[in-house]
Every structure is written in structure tokens, then in C-alpha cells.
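None of these values were measured; they are calculated from a predicted model.
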Number of protein chains: 2
Amino acid sequence: MQDISKPLRSKSYSVPCELCSIGSICIPMALNNTLESVLNRKRSFAKNEILVTEGDEFQRFYIIHSGALKTYVIINGTEQINGFYLPGDIIGLDSITTHKYNNTIKALTTTLACELKYDELMALVTKSTQVRDTIFNLMSQNILNYQKMILAYSQKNAEEKLAAFICWLYTQYAKRGHTSLSIKLSMCRADIANYLGLTIETVSRILTRTQELGILSVRGKYICIKDLSALFQLAAEKI
Amino acid sequence: MQDISKPLRSKSYSVPCELCSIGSICIPMALNNTLESVLNRKRSFAKNEILVTEGDEFQRFYIIHSGALKTYVIINGTEQINGFYLPGDIIGLDSITTHKYNNTIKALTTTLACELKYDELMALVTKSTQVRDTIFNLMSQNILNYQKMILAYSQKNAEEKLAAFICWLYTQYAKRGHTSLSIKLSMCRADIANYLGLTIETVSRILTRTQELGILSVRGKYICIKDLSALFQLAAEKI
DNA sequence: CGTCGTATTGACCTTTCTCAAGTGGGGTGG
DNA sequence: CCACCCCACTTGAGAAAGGTCAATACGACG
């Protein structure tokens, strides 16, 4: 286990609290003293460290400050990746209904995450309509995202899926104010392939092809978007 | 437009209020007089009638009492189906965050749906922790369902997708107490194919093949499940 | 500077799509 | 009441996308 109060690594990208997915409720000045009891701020996890295991009792959400996580389940002995989570994202909303975690959560890189206790958050929801609206908004957004993702993954071919995936990465960072066209992938090809329902070879081939089209520049885990609008067009999404 | 207070058709399958997705908050005895102002009970829609169009201002959820709906968006001029909704399902949770409907909602058959006003529901959430927990539970369940669906549709081949789809239909009805192995599809092959990201021809071929395996018996829109456990196994899900 | 794990590339095979023709059932008009 | 028609569905043959297996290249790390 890691040191609880390990400081933020200046090298890695992180969200300022104002841009975090929980937004306004994360700002101490908005909620004064109530906040401290709800959030155990900034716990650090090492690369490949498992935060929770599928089936564990649900107690707290995780909100990523810096780094990246993946969630997965084991089906027939093989890992099936459910999602990737980046700075500002919240994990655990699906667990409210089951009272336990439905996925294993693992750190892809060194990650700093805020812990948010469920019980205490619920108490705040009743007390403050601002918190209530924030949480409803968050859950609704989550549902909308999943709808879009299902559309994407049922309708798109391999090339479009991969383009959509990179667009998603770009958008996730952009939403938090980080608009660089250079992206460092925190996951390996196998994880991407697994998540998109493709094979490693197909992912590799398509990255090469997209590079030859002048849309991307790929070098290992580093991707540079050369033509953003072409990438979005390939993903069949409106920019 | 239809007669608002058209009575429930006895022929079609419907959920009793106790099994509706909004569950306890739909039972008048639990919420007494507050309920009537929130729910405009049982409005009827004709087959192919459009309830709301993508982009319309969001005001109310729809909870299906009987019949079936589909939601879709138009991408590049073609319809892309987002989901099918059956008795007990609630539509509109994704709209909380956008304040407008993200999909067009259309009736697949004659459908009876309860309308639930958003503003009034939110007021109830603050007043009653029971309502609050019900709604959080509902949204969480929704997120969990989408997670599972994404897994399903990114990892499965055509045969598994279709089996999973029929399992889902069966399960949806079973959850509401309707455990018959005979299912009448309310959607056409084209809709199923669209939704699953397949072609009509593939859907047709797989239905035929699955029938030859003795798992299903297909006759137009009528499907009879001959071997439920084999079907779930084909869908790669635990029963 | 070698080693191990990850990524790329190539040849071949399976699945699904595409295009095209044929079938069948429900509704309408004679 | 029957025949016809239309639309939804089924079936078949060839094409394309993606998967599989195998060899090779790269790169981080000791």
C-alpha cells in the first residue's frame, strides 16, 4: 500500500478541483466544513495496484485526480475491460444499486484519486439541492455517455471504433482544459483491443494505416493527432 | 394524438404498478396525495407515433405500462437505434444533464405510458429519502445495465449478440413476473439488426440456424424458447 | 549489450456483409 | 371470399473485413 498523503507528481496531468467531475461539490468554499468528512482527499495508488476487487462491499466512489484506471470483470477466466477512467472521472455509480463493486479497479499508472464516501454523500444530497443536482447531473451524464458508447460499438467498424476511442481520449482531456494534440496512452495495445472487441493485430494495423493517411502520428504509447477534424470524421462524430 | 384516458387493453401484457421500474414511488399508498401531481397516469400512444423528437425540451420521463418503444438518433441521414423499452422501463434519465431529449422516442406498438414530471420528481427527492433512494437506485441500475451491454456488444459475435438480445427480452419480462417462454417481438428484423450492428440477412440466418439447433422456434414475430439454458449459454451469460 | 515483453507485419482463414433472387403472409379491392 | 400485391423475411453466392497463427522488430531495463 502507498503513502496516503503522497504529493501530486508535477509531471503527470491532473485536474484542478474546479474541473473535477464532481465539480462544485468538490470546492471547499461551497460546502465549507461538511466536505472534509466526505472526501478523503488524494490517496495514491501504484501502477498495477488493485483498488477494489469485483464483489467487494461498496463504500466509496473514486474520483481520479491524476493518472488512469481501468475496470474489468473476469468472464470465463479472461479479463474483459469495461472502461478506462481519466482525471476528473468518477467510478462507482453502478454500485449504488448492488451495494458492491461490479468491477475490479486497477491502476494503469501511478494514480492519485479522491475517495468519496457514499453514505455521507447521500446525507449531503438530502441537505443540499446543489449537491443533489450535481449528483443527478453526473449520473445522467454517465448514462448518456454509455448510450453513445453502445451506439459507437455496435455500429462502427474497427477503424471507426479506434478513431472514436482516440477522439474520446482527446475529448476527455479537452473537457478538463487540457487541449494538447499529443496524447500518451496509459494502456497497452492489448487493453485497447480487449476494450474495443478487436485483436491486438487489428489495432496495430489500423494505427499504422491511420498514420499513413496523415491523421495520426504513432510512436509506441505516444500518439499525436495531426488532423483532428479528419479523425472525428473517421469516427463519424460531430466535433 | 390519442385519447388521454384510454383504458388499458386487456390483450397486451402490462406490469402491475408494484413491479414498475419506479417501484415503490409509484404506489399511491406510499406517497399519498403527492403522487397525483407528479404522474399523469397512463397516456396512450398509437403504433409508430412519435412521443418526443431528438432535441425537444426535456420535461418528463416516460414509464412504460404496456407495449414497447424504441429510441433512436439520426446519424448521417440514417436511423440508429439506441434502445428498446418494455413494460416497467423508464425513459429519459439521460436527459437530466442535457435538459433536452437526446433521442427520438417512437412507439413500436400501441403503448400505454405513465408520464413523470421531472421538476416535481426532484422536489419529492428532496422531501423523501425513500424517493431519493429509489431514483438513485434506478439510475445506478441503468448505468450497470449499460456497462453490461457494452461488454456484450463489444465482445460477442453475431450469434452471441442475437442470443443475448433474446435473453435480454426474456429477462426483462421475467423481472416483471411474466416468465412465459413465448415472446412476441414488437420490433421488425431491420430494427433488431440496426440495434445489434448486424444486417437483416445475418439476423435471419442466425435465427434459422438457432432454430435448427433446437434452441428456438421462430415464426415471424413469434419466438418460442425451446431450450432456455442453451440459449443463455450461447449468449455466454450465467442464467 | 543481451533479454523479455510489447508491438508490428505478413499469409491465410473465418465470419459477416453485399447484392440479388425467391418466398410468404396479411390486407385490400374486385 | 378469393386473388393479388406489397412488404417483410429468407436464402444463396461471391466479396470484404477482421481474426488466427507465426515470424520479426522494437524498446525499456537490468
Side-chain angles (χ1 to χ4, degrees), chain A residues 11 46-48 70 78-81 108-110 152-166 183-213 216-224 234-236, chain B residues 46-48 68 70 78-81 108-110 152-166 183-213 216-224 234-236:
Chain A
K11 277 202 297 186
K47 177 170 177 166
N48 290 325
K70 70 173 174 182
T78 58
E79 182 176 315
Q80 302 285 13
I81 295 174
L108 289 168
T109 64
T110 304
Y153 294 144
S154 73
Q155 311 288 347
K156 293 187 201 301
N157 64 22
E159 191 173 47
E160 292 165 341
K161 280 185 190 177
L162 197 55
F165 178 69
I166 297 169
I183 294 173
K184 174 167 194 258
L185 299 176
S186 36
M187 65 294 285
C188 63
R189 300 283 190 276
D191 279 351
I192 298 174
N194 179 317
Y195 177 60
L196 297 179
L198 302 172
T199 58
I200 301 177
E201 294 92 328
T202 301
V203 169
S204 184
R205 271 186 261 268
I206 289 173
L207 281 178
T208 304
R209 204 192 312 160
T210 316
Q211 188 171 220
E212 283 163 3
L213 289 171
L216 294 179
S217 165
V218 184
R219 188 166 182 79
K221 290 202 182 304
Y222 292 91
I223 288 185
C224 183
L234 203 61
Chain B
K47 176 170 177 166
N48 291 324
K70 70 172 173 182
T78 57
E79 182 176 314
Q80 302 284 15
I81 295 174
L108 289 168
T109 63
T110 304
Y153 293 146
S154 74
Q155 312 288 346
K156 292 186 201 305
N157 65 21
E159 190 175 48
E160 291 164 342
K161 279 185 190 177
L162 197 56
F165 178 70
I166 297 169
I183 294 173
K184 175 166 192 262
L185 299 176
S186 36
M187 66 294 286
C188 63
R189 299 282 190 277
D191 279 352
I192 297 174
N194 181 317
Y195 177 60
L196 297 179
L198 302 172
T199 57
I200 302 178
E201 294 93 326
T202 301
V203 169
S204 183
R205 272 185 261 268
I206 288 172
L207 282 178
T208 304
R209 203 192 312 160
T210 315
Q211 188 171 221
E212 284 163 2
L213 288 172
L216 294 178
S217 165
V218 184
R219 189 168 180 78
K221 290 202 183 305
Y222 292 90
I223 288 186
C224 182
L234 204 60

I need the [X] [atom1] to [Y] [atom2] distance, nearest 0.5 Å.
{"X": "A/Asp191", "Y": "A/Ile81", "atom1": "CG", "atom2": "CD1", "value": "3.5 Å"}
{"X": "A/Ile206", "Y": "A/Lys161", "atom1": "CD1", "atom2": "NZ", "value": "9.5 Å"}
{"X": "B/Leu108", "Y": "B/Lys47", "atom1": "CG", "atom2": "NZ", "value": "8.5 Å"}

How about A/Tyr153 and A/Tyr195: are their ring centres within less than 6.0 Å of each other?
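A/Tyr153 vs A/Tyr195: aromatic centres under 6.0 Å.
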The residue among B/Thr210, B/Leu185, B/Leu207, B/Ile166 that forms side chain to side chain contact (heavy atoms under 4.5 Å, CB included) with B/Val218 is B/Leu207
Residue set satisfying side chain to side chain donor-acceptor pair (under 3.5 Å) with A/Gln80, at least two apart, ordered chain then number -> B/Gln155
With sequence neighbours left out, the residues meeting side chain to side chain donor-acceptor pair (under 3.5 Å) with A/Glu79 are A/Lys70
Applying side chain to side chain contact (heavy atoms under 4.5 Å, CB included) to A/Thr208 and not counting sequence neighbours gives A/Glu212
Any A/Lys221 side-chain nitrogen or oxygen under 4.0 Å from OP1 or OP2 of C/dA7: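 A/Lys221 to C/dA7 OP1/OP2: side-chain N or O found under 4.0 Å.
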Overall bend of the helix from C/dC1-D/dG30 to C/dG30-D/dC1 (five pairs an end, 10° steps) is 30°
First-last contacting nucleotides on DNA chain D - partner chain A, under 4.0 angstrom, heavy atom
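Counting from the 5' end, contacts occupy D/dG18 to D/dG27.
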### Message
Does A/Arg219 reach a base, just sugar-phosphate, or nothing at all? Heavy atoms under 4.0 Å.
### Response
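Result for A/Arg219 = sugar-phosphate.
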Would you tabulate the pairs of protein nitrogen or oxygen atoms and nucleotide nitrogen or oxygen atoms of nucleotides 17-21 of chain C closer than 3.5 angstrom?
from: C/dC17; atom 1: OP2; to: B/Thr199; atom 2: OG1; distance (Å): 3.3
from: C/dC17; atom 1: OP2; to: B/Thr202; atom 2: OG1; distance (Å): 2.4
from: C/dT18; atom 1: O4; to: B/Arg205; atom 2: NH2; distance (Å): 2.9
from: C/dC19; atom 1: N4; to: B/Glu201; atom 2: OE2; distance (Å): 2.9

*asked:* In the structure I gave you, are the side-chain heavy atoms of B/Leu196 and B/Thr202 within less than 4.5 Å of one another anywhere?
replied: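 Not in contact.
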